[in-house]
Amino acid sequence: MRESLAKKHGIDKDKIICGNGSDEVLSLLAHCFAGPEDEVIYSEHGFLVYPIAVRAAGAIPVPAPEKNLRADVTSILSLSTEKTKLCYIANPNNPTGTYLSTNELITLRQGLPEKCILVIDSAYAEYVDESDYSDGINLVNKYNNIACTRTFSKIYGLAALRIGWMYASKDIVEYINRIRLPFNTNSIAQMAAIEALKDNKFIKDAKKHNDIWKPWTEKKLEEYGIRTIPGVANFILAKFDDEMQANSCLQFLEKQGILIRGIKEYGLPEYLRITVGLEEENKVMCKEIQNFLNQYEK
Ligand SMILES: Cc1ncc(COP(=O)(O)O)c(C=O)c1O
């Protein structure tokens, strides 16, 4: 699998580690490089696996305030000290969908202590077209203190097989290999991932689908008076009037068998995260949100 990934991305297979989902690699990074009294910075509304992994490693998670639901390099750097061992950035982030530009990532890297590893979690990279975006691979090539994580769970649609990977310097890879359990990924997931890497058409179609249905769904929601946050992944962050309205909508949809995501635990109780579905699913969901709003206003 490392050979297939190396070939696909034009990188060195010895700088790749595979994991039981990228979650495992994110957790291995915390266990390997942070411990009691060490600090790990992540963005305020960043992916929740980061503080979980950091606490499990006995270290201290330090959330950095965001600006307009976007990671803020200045705020991250103002919190960084010699105790900071890792900094996690999901790019784009789940659940906000916002991203940092390549230049912002470079500013962040240059401002962090040299011994602090910058982890760029590019789980949704395949969905992003923006010209100022980097999936992190070119940055790993330039800096030996950046690790980039990727997954087969998103655009490849293989989440339940639990397969992800990390690209980083040989030093980082060597340290992680010291604590990685030898049989952390299973052969079925690896075989599926290798085949998936060959299926360019699937990825192209999935991307095209997202490019059509994400803006379509956003437009519908905006028509209903629900503000959406400009994101670049395969989900929409929708802002309701308040927590009560968001919760009621979540329950209303659940009763119709439509599952979207409440994100109270991300500190965003008045928002719901909506993943782009199949054409029919998007249509039914929008219709039901409209029904909910008509009924809620009464
Ligand atoms: C930003 C981000 N990173 C990593 C993951 C973990 O993906 P996996 O462990 O399935 O590879 C997710 C999944 O929700 C995610 O949203």
Side-chain angles (χ1 to χ4, degrees), residues 1-2 5 16-31 40-54 56 61 63-64 66 69-71 86-100 105 117-128 133-137 146-168 176 180-181 184-186 188-190 192-194 196-197 203 206 210 214 229 231-237 259-263 265-268 271-277:
M1 179 173 160
R2 288 189 298 124
L5 286 166
I16 296 173
I17 277 191
C18 298
N20 188 38
S22 52
D23 277 356
E24 189 199 10
V25 190
L26 293 165
S27 169
L28 283 170
L29 282 158
H31 281 277
V40 177
I41 303 182
Y42 68 105
S43 196
E44 185 185 4
H45 303 296
F47 185 45
L48 272 184
V49 160
Y50 312 147
I52 294 170
V54 171
E66 298 191 356
L69 298 180
R70 210 173 152 262
L86 289 164
C87 171
Y88 288 104
I89 292 290
N91 210 37
N93 181 48
N94 170 16
T96 54
T98 55
Y99 75 102
L100 289 183
L105 289 174
I117 297 171
L118 172 61
V119 182
I120 303 174
D121 172 353
S122 308
Y124 298 92
E126 291 86 354
Y127 291 105
V128 189
Y133 174 78
S134 159
D135 65 5
I137 286 184
I146 294 183
C148 167
T149 59
R150 304 288 293 260
T151 183
F152 285 88
S153 297
K154 307 300 175 186
I155 205 161
Y156 288 93
L158 298 177
L161 282 182
R162 311 305 305 132
I163 189 89
W165 55 288
M166 176 189 79
Y167 177 55
I176 298 276
R180 179 180 63 80
L181 294 175
N184 63 327
T185 61
N186 69 81
I188 294 173
Q190 287 199 31
I194 291 167
L197 283 173
I203 303 304
N210 197 54
K214 182 168 165 286
I229 307 308
V232 293
N234 66 333
F235 49 79
I236 294 158
L237 190 61
L259 302 178
I260 62 173
R261 188 68 208 272
I263 46 172
E265 65 274 28
Y266 281 89
L268 298 167
Y271 290 84
L272 296 177
R273 193 198 68 190
I274 303 169
T275 300
V276 174

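Start at 1 and go down the list; that is how both ligands and their atoms are numbered.
- Per-residue contacts place Arg162 under 4.0 angstrom from the following atoms of ligand 1 (heavy atoms of the residue considered): 8 (P), 9 (O), 10 (O).
- At a 4.0 Å heavy-atom cut-off, ligand 1 does not touch Phe152 at all.
- Considering only non-hydrogen protein atoms, atom 10 (O) of ligand 1 sits nearest to Ser153 OG, 2.5 Å.
- Ser122 contributes atom OG, which lies 4.0 Å from atom OH of Tyr133 (distance to the nearest 0.5 angstrom).
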* With side chain to side chain contact (heavy atoms under 4.5 Å, CB included) as the test, would you mind laying out the steps for Met1 and Thr185 before giving the verdict? => CA-CA 10 Å; Met1 179 173 160; Thr185 61; 6.0 Å; no
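- Here Thr98 contributes atom OG1 and His45 contributes atom NE2; the two are 9.5 Å apart, rounded to the nearest 0.5 Å.
- Looking at Arg273 and Asn94, their side chains do bring a donor and an acceptor atom within 3.5 Å of each other.
- Close to ligand 1: Ala123, with a non-hydrogen atom less than 4.0 angstrom away.
- Taking a 4.0 Å cut-off on heavy atoms, Lys154 registers as neighbouring ligand 1.
- In this structure, OG on Ser43 lies 14.5 Å from OH on Tyr88, to the nearest 0.5 angstrom.
- With a heavy-atom cut-off of 4.0 Å, Asp23 touches ligand 1 through backbone and side chain alike.
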* When you look at Glu44 and Leu69, which way does the side chain to side chain contact (heavy atoms under 4.5 Å, CB included) test go after all the steps? -> CA-CA 9 Å; Glu44 185 185 4; Leu69 298 180; over 6 Å; no
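- Between atom 16 (O) of ligand 1 and the options Thr151, Val25, Asn20, Asn94, the minimum heavy-atom separation is to Asn94.
- The distance from atom CE of Met166 to atom OG1 of Thr151, rounded to the nearest 0.5 Å, is 14.0 Å.
- Closest to atom 12 (C) of ligand 1, if we only count protein heavy atoms, is Phe47 CZ, 3.3 Å.
- Polar contact with ligand 1: present for Ser22 (N/O pair, distance under 3.5 Å).
- When heavy-atom distances to ligand 1 are checked against a 4.0 Å cut-off, Glu24 has no atom that comes that close, whether in backbone or side chain.
- When hydrogens are left out, the protein atom nearest atom 1 (C) of ligand 1 is Asp121 OD2, 3.4 Å; that is the closest non-hydrogen contact.
- Of all heavy-atom pairs between Leu105 and Leu118, the closest is O-CD2, 4.1 Å.
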